[in-house]
Visitor: 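My questions will all concern the structure given below.
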Amino acid sequence: MELSTTAWIVLAGALATYLTRIGGHLVLSRFKTIHPRVQAALNAVPAAVLTTLVAPAAAFSGPAEAATIVVCFVAAFYMPTMAMFAVGWVAILAFRALIG
């Protein structure tokens, strides 16, 4: 049985993801302590990744998406993360229905 091109791409992506995750762990596990600057940089990674996903939607999508991002930004100061996601979900549905 021969694997299709799509199956090979999925397997290669899974392998690359696994290697990058385990590689970072192996490198950091060699150190007894992590320098505070490295720790601060690692703590900033989730926010940086989220920004790369959200910024294009705010800049290149419609006004409903931009308004939802503003609502979520404000909600993030007052609510837990999951509640903010729920507010964002309701906001995008409402703004798309109202604005288009």
Side-chain angles (χ1 to χ4, degrees):
M1 180 177 154
E2 188 174 325
L3 290 176
S4 68
T5 302
T6 304
W8 282 112
I9 291 171
V10 169
L11 289 173
L15 180 64
T17 300
Y18 177 76
L19 290 176
T20 55
R21 287 176 180 256
I22 196 71
H25 176 71
L26 291 175
V27 168
L28 289 177
S29 68
R30 298 190 69 183
F31 299 100
K32 290 184 181 183
T33 60
I34 298 174
H35 192 278
R37 287 186 181 185
V38 174
Q39 185 66 38
L42 291 173
N43 288 338
V45 168
V49 170
L50 187 59
T51 301
T52 63
L53 297 173
V54 170
F60 302 114
S61 295
E65 288 79 7
T68 299
I69 290 171
V70 170
V71 168
C72 288
F73 179 79
V74 172
F77 288 108
Y78 301 102
M79 310 179 159
T81 304
M82 290 307 292
M84 187 262 313
F85 283 132
V87 167
W89 180 72
V90 170
I92 192 67
L93 291 175
F95 286 137
R96 284 182 178 169
L98 295 172
I99 300 172

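Since the structure is predicted, the reported quantities are computational estimates derived from the model, not experimental observations.
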Visitor: Consider only side-chain heavy atoms of I, L, V, M, F, W and Y, link residues closer than 4.5 Å, and tell whether Val38 and Val27 are in one cluster.
Guide: no
Visitor: Is there a path of hydrophobic side-chain contacts, each under 4.5 Å between heavy atoms of I/L/V/M/F/W/Y residues, joining Val87 to Val90?
Guide: no
Visitor: Same cluster for Ile92 and Phe60 if Ile/Leu/Val/Met/Phe/Trp/Tyr side chains link at under 4.5 Å?
Guide: no
Visitor: What is the distance from atom OG1 of Thr17 to atom CD1 of Ile22, rounded to the nearest 0.5 Å?
Guide: 13.0 Å
Visitor: With sequence neighbours left out, which residue pairs that include part of residues 26-39 fulfil the side-chain hydrogen bond (donor to acceptor under 3.5 Å, both in side chains) condition?
Guide: Gln39-Asn43
Visitor: For a quick test of reading the model, state the closest non-hydrogen atom pair linking Thr51 to Pro56 and the distance between them.
Guide: O-CD, 4.1 Å
Visitor: Is there a continuous path of hydrophobic side-chain contacts, each under 4.5 Å between heavy atoms, that joins Leu26 to Tyr18?
Guide: yes
Visitor: Please list all pairs meeting ring pair (Phe, Tyr, Trp, His ring centres under 6.0 Å) that have one or both residues in residues 75-100, counting only residues at least two apart or in different chains.
Guide: Phe73-Phe77
Visitor: Could you name each residue pair satisfying side-chain hydrogen bond (donor to acceptor under 3.5 Å, both in side chains) that touches residues 62-77, not counting sequence neighbours?
Guide: Glu65-Arg96
Visitor: Shortest non-hydrogen contact from Gly88 to Cys72?
Guide: CA-SG, 3.3 Å
